[in-house]
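Scroll down for the structure; my scribbles are underneath it.
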Amino acid sequence: MTNGGLMLGDDGLEYKNFHSQDGLGLKLLHNTGLKMAIVTGRTSNVVTKRAENIKITHIYQGVEDKLEAFNEILKDLNVTAEECMFMGDDVIDLPPMRRAGLAVTVPHAMPLVKEYAHYITTREAGHGAVRELCELLMKAQGTFDGQMAKFLK
């Protein structure tokens, strides 16, 4: 959801830059009934605020073992790994990516991560890659046209 950059202020706070198109894509995807989660190795209040804004209720921050978090999500949502998608860009993301039914990464991902991805977005992280994925998922599920209809009245 970000470009991977970290901005640290003199106040000791961490700042992140999110793309507004990604946020709308996630809201639209939420409207289709898909459940989403954020799993991140860092901890930041801004991630909590962003998740609230885009209606993501499963938030895992400060995670060292992303597979453990992924497995907890599977249990909480009563779904199989094959029914899930995991998007990541670095080697810490490989364990859940390798278990998920759909593994997605971005063009600037580490080379090893790209080897295990089923799909590499055309847009970069923090620059519409999440939106691209949201639209791809909605089209695959047949919900894209319904979500777009309200904008085409």
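Computed from a predicted model, the values in this text were never measured in an experiment. Position 1 is the first residue of the sequence; numbering continues from there. Every heavy atom of this structure was used, including side-chain atoms; hydrogens, water molecules and symmetry mates were not.
- Here the closest non-hydrogen pair linking V106 and A129 is CG1-CB, 3.7 Å.
- Between R42 and Q61, the shortest heavy-atom distance links the atoms O-CB, 3.5 Å.
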Side-chain donor-acceptor pairs of residues 71-78 under 3.5 Å, sequence neighbours excluded:
from : atom 1 : to  : atom 2 : distance (Å)
N71  : OD1    : R99 : NH1    : 2.1
N71  : ND2    : L67 : O      : 3.3
D76  : OD2    : Y60 : OH     : 3.3

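- Distance check: R131 CZ to L24 CG gives 4.5 Å after rounding to the nearest 0.5 Å.
- What you find for E64 and I92 is that their closest heavy atoms are O-CD1, 3.8 Å.
- Among T105, V130, D93, the single residue meeting the side-chain contact (heavy atoms from CB on, under 4.5 Å) criterion with M87 is V130.
- When all heavy atoms of I38 and A51 are compared, the closest pair comes out as CD1-CB, 3.8 Å.
- Cluster membership check: I120 does not share its hydrophobic cluster with L112, using side-chain heavy-atom separations under 4.5 Å among Ile, Leu, Val, Met, Phe, Trp and Tyr.
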Run the numbers on H108 and D89 for side chain to side chain contact (heavy atoms under 4.5 Å, CB included), then give the verdict.
CA-CA 8 Å; H108 77 270; D89 67 353; 3.4 Å; yes
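- Side-chain contact, Q147 with T32: no donor N or O sits under 3.5 Å from an acceptor N or O.
- The shortest non-hydrogen separation linking H19 to H127 is CD2-CA, 3.5 Å.
- Remark: L152 pairs with M148 by the side-chain contact (heavy atoms from CB on, under 4.5 Å) rule, at least two apart or across chains.
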Please walk me through it: do M85 and L133 pass side chain to side chain contact (heavy atoms under 4.5 Å, CB included)?
CA-CA 10 Å; M85 183 278 308; L133 181 60; 3.3 Å; yes
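- Between V113 and G88, the shortest heavy-atom distance links the atoms CG1-O, 3.9 Å.
- Between I59 atom CD1 and R50 atom CZ the span is 12.0 Å, to the nearest 0.5 Å.
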Under the side chain to side chain contact (heavy atoms under 4.5 Å, CB included) rule, what do H30 and I56 come out as? Steps first, then yes or no, please.
CA-CA 8 Å; H30 171 81; I56 295 178; over 6 Å; no
